[in-house]
Amino acid sequence: MALDRSYSEVMEAMSPKGNLRRFNLLDNDFDFSCRTIGGFMDGSSDEALDRRFYRKSEGADVLPWSYFGDLSSSDGEILKKMVAASEGKCNILLYGAPGTGKTSFARSLARELGRTSYEIAQGDEDGKNMKAEARMIGIRMCNEQENSAESLMIIDEADELLRGNSGGFNPFGFGFGFGGGRSTEKGVTNTILDEMKVPAIWISNAPPAVMDESVRRRFDYSICFEQLNNAQRVAIWRNIVAKHGIEDLIPESKIEDYAAKYETSAGGISTVLENVKRMKPSPEKAEELIATLMKPHCKLMGVKDSNRFLPAKDYSLEGLNIKGKVALDKVVAAVGNYLDSAYNDGAMDKPRMNLLMFGPPGTGKTEFVKYLGKALGRKVLVVKGSDILGMYVGESEQNIARAFRRAEAEKAILFFDEVDGLLQDRSNARANWEVTQVNELLQQMENFNGVMVAATNFCRNLDPATMRRFTFKLEFGYLDDAGKNLFFERMFKTTLTDEEKAELEAVRNLAPGDFRTVRQEMFYLGGEQSNHDLIAALKEECSLKKDGDASSKIGF
């Protein structure tokens with residue numbers, strides 16, 4: 001809302017001298033702010049501003065500094081030195097996924113520094129959300145009133161304050177516009193960052209790309225809080241269990257299982273365990289209660305059950321049609337050798353283990369990755385194009401780098417499914433971001449200290465530069481006659497007559513996935529099916545395929 005009042009008039013209205021002066025304004029928040037702040041300055045108001053605009057972090061649950069592990073020993077140490085040497089102005093940005101511990105880290109840092117932390121209010125006493133302009137008033141008030149050598153300001157949920165709004169409101173804090181739209185708002189936000197006197201931690205869940213570059217460069221230091229890896233979740237489970245004194249319900253032996261199974265945030269873990277403590281289950285019922293509480297939480301938060309990415313119970317490498325000189329069992333052994341640090345010591349080159357799997361759909365590529373993870377005792381981190389592509393410039397590249405960092409931290413196999421969408425031939429690119437995305441993925445592949453597997457149905461669409469970065473290139477073809485017979489008898493628990501074998505072998509372009517589809521179909525139909533019925537169903541599956549040939553060859 002643009003109101004016809006100059007900046008100098010507003011500041012005069014907020015001063016002690018102008019306290020009794022009342023503009024006939026349409027913006028009630030502005031009118032209230034002027035009267036309240038003016039009253040505070042001349043002593044005529046008994047209302048405590050630290051309860052309305054900002055407050056001490058009293059009563060907040062502050063975690064031990066050691067709780068943050070590597071974060072406290074690396075980034076935390078430089079932050080302590082930076083704040084101590086700042087003589088006041090020091091803007092720090094903590095950004096990343098919700099529930100990753102940003103606010104807890106800020107509070108713990110304040111205590112580690114021996115400073116009083118003040119948090120800018122997000123809502124008023126009536127439980128209503130504060131507008132951005134009112135929160136900016138709190139920032140200004142805290143900045144003017146508190147001792148810069150003894151305080152640390154925490155501005156949580158700062159997304160909108162840093163992002164700005166093109167609707168004409170002024171985030172400097174006074175509920176009226178200066179007529180400049182987004183550019184003016186950006187300039188005012190920059191002014192606040194430049195004029196800070198109290199060291200401040202700004203906390204945002206939004207990606208950096210939503211902030212203007214001029215805003216980002218004004219932060220003295222920034223930390224990206226990424227999705228928790230397994231080791232971090234183990235530490236969180238262990239600490240919260242100890243905090244609530246429920247070791248008898250959740251023994252150490254169970255903590256790693258829970259951390260691996262429920263890939264949720266620290267806040268989710270804390271909420272569930274608080275309820276477990278209150279409900280006081282018997283030790284033998286604790287695991288059932290945790291599952292009962294965790295499953296709806298994970299569903300609500302869109303958290304996948306990592307235990308689902310496992311091969312079928314009757315999965316076997318036998319019968320697959322892998323075209324090339326290296327059999328799958330030898331590839332599994334080679335990956336195991338790569339993971340053996342002692343084996344790697346004698347390597348002539350920097351060790352790298354990237355696998356490319358290509359071939360028609362249903363030929364066993366994804367099942368092989370599941371098998372590989374189970375055989376080597378490694379979690380498989382699945383990444384698809386939809387997980388990577390972002391709406392902001394540079395966001396996709398950041399997501400690619402984040403996926404590699406997470407896989408390396410968790411010692412997981414990184415699996416890019418349908419990678420052709422991410423590694424398309426750069427010569428066909430129509431936009432600059434398509435090129436930079438491929439460049440980023442190639443660079444990460446080159447330097448990744450872990451196992452990466454990529455799968456595609458359209459190998460010829462990949463950028464030529466990708467091929468030399470794959471240690472093994474595995475072509476999964478349609479089943480040969482021996483494979484058809486083996487899969488039929490293993491999947492359907494039956495034997496074939498010579499006549500039935502001939503009929504099955506005449507079916508072209510059969511893939512392992514076709515057998516699973518038919519098995520599921522027959523299971524739900526119920527009743528007895530003859531071998532002839534099963535072969536007829538397989539023929540129908542193949543008739544629906546667009547092409548009748550194996551995947552195109554590529555040269556190495």
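Numbering of residues begins at 1 and proceeds along the displayed sequence.
Annotation: side chain of Val419 is in contact with side chain of Leu462 (closest heavy-atom distance under 4.5 Å). At least one side-chain heavy atom of Asp417 sits under 4.5 Å from a side-chain heavy atom of Thr366. Tyr258 is listed as a side-chain neighbour of Ile250, based on a closest heavy-atom distance under 4.5 Å. Side-chain contact between Leu423 and Met445 is present, with heavy atoms from C-beta onward closer than 4.5 Å. Using a 4.5 Å heavy-atom cutoff, the side chains of Ile413 and Leu381 are not in contact. Looking at heavy atoms from C-beta onward, Glu397 lies out of side-chain contact with Leu441 at the 4.5 angstrom threshold. Side chains of Thr189 and Leu161 form no contact here, defined as non-hydrogen atoms less than 4.5 Å apart. Two residues are said to be in side-chain contact when any heavy atoms from C-beta on lie closer than 4.5 Å; Arg218 and Met211 fail this criterion.
Interatomic distance, CD1 of Ile201 versus CG of Leu79, reported as 7.0 Å (0.5 Å rounding). Atom-to-atom distance recorded for Leu109:CG and Leu94:CG is 8.5 Å, nearest 0.5 angstrom. The distance from the OG1 atom of Thr100 to the CD atom of Gln232 is 9.0 Å, given to the nearest 0.5 Å. To the nearest 0.5 Å, the span separating CD1 on Ile155 from OG on Ser204 amounts to 11.5 Å. A distance of 13.5 Å separates CD of Glu263 from CE of Met301, quoted to the nearest 0.5 Å. Lys89 NZ to Asp194 CG: the interatomic distance, rounded to the nearest 0.5 Å, is 6.0 Å.
Ser73 and Glu77 share no side-chain donor-acceptor pair at under 3.5 Å. Between the side chains of Tyr221 and Asn91, not a single donor N or O lies within less than 3.5 Å of an accepting N or O. For the residue pair His297 / Thr264, a side-chain donor-acceptor distance below 3.5 Å is found, with atom types taken as modelled. Judged purely by distance below 3.5 Å, without hydrogens or angles, the side chains of Asn354 and Thr471 never pair a donor atom with an acceptor atom. Using a 3.5 Å distance cut-off with no hydrogens or angles, the side chains of Asn275 and Arg278 do pair a donor with an acceptor.
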- Please assess Leu376 against Val451 for the test side chain to side chain contact (heavy atoms under 4.5 Å, CB included), listing each intermediate value before the final yes or no. CA-CA 11 Å; Leu376 299 175; Val451 178; 6.0 Å; no
- Take Phe404 and Phe416, measure what ring-ring contact (aromatic ring centres under 6.0 Å, His included) needs, and give me the verdict at the end. CA-CA 11 Å; Phe404 278 91; Phe416 282 90; 5.6 Å; yes
- Item | Steps toward salt bridge (charged side-chain N to carboxylate O under 4.0 Å, His left out) verdict (Arg406, Glu226) | CA-CA 8 Å; Arg406 182 184 172 194; Glu226 298 180 1; over 6 Å; no
- Can you list the steps and then say if Glu274 with Ser270 is a side-chain hydrogen bond (donor to acceptor under 3.5 Å, both in side chains)? CA-CA 6 Å; Glu274 284 174 6; Ser270 178; 3.3 Å; yes
- Message: Does Glu446 form a salt bridge (charged side-chain N to carboxylate O under 4.0 Å, His left out) with Arg352? I'd like the steps, not just the answer.
- Response: CA-CA 8 Å; Glu446 189 76 29; Arg352 185 172 63 196; 2.9 Å; yes
- Query: Can you list the steps and then say if Phe415 with Val383 is a side chain to side chain contact (heavy atoms under 4.5 Å, CB included)?
  - Reply: CA-CA 6 Å; Phe415 177 38; Val383 179; over 6 Å; no
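One finds no salt bridge joining Glu418 and Lys384 here, because no Lys/Arg side-chain nitrogen approaches an Asp/Glu carboxylate oxygen to under 4.0 Å. No salt bridge links Lys102 with Glu157; every basic N to acidic carboxylate O contact stays at or beyond 4.0 Å. Looking at Glu160 and Arg135, no side-chain N of the basic residue comes within less than 4.0 Å of a carboxylate O on the acidic one, giving no salt bridge. Under a 4.0 Å N-O distance rule, the pair Glu408/Arg405 does not qualify as a salt bridge. With respect to the salt-bridge test (charged N to carboxylate O, under 4.0 angstrom), the residues Lys197 and Glu146 do not qualify.
Under a cut-off of 6.0 angstrom, the local environment of CE in Met82 is crowded, with over 12 non-hydrogen atoms contributed by other residues, nucleotides or ligands.
The two residues Tyr262 and Cys298 come nearest to each other via the heavy atoms CD2-SG, 4.0 Å. In terms of heavy atoms, Phe53 sits closest to Ala134 at CD2-O, 3.4 Å.
Of the candidates Lys56, Arg107, Arg55, Arg107 is the only one forming a salt bridge (charged side-chain N to carboxylate O under 4.0 Å, His left out) with Glu119. When the options Met153, Arg115, Glu87 are evaluated for a side-chain contact (heavy atoms from CB on, under 4.5 Å) with Pro199, the one that passes is Arg115.
Here Tyr95 and Phe219 keep their ring centres 6.0 angstrom or further from each other.
In this structure, Thr466 contributes its side chain and Asp463 its backbone to a donor-acceptor pair below 3.5 Å. No donor-acceptor pair closer than 3.5 Å links the side chain of Asn143 to the backbone N or O of Ile139.
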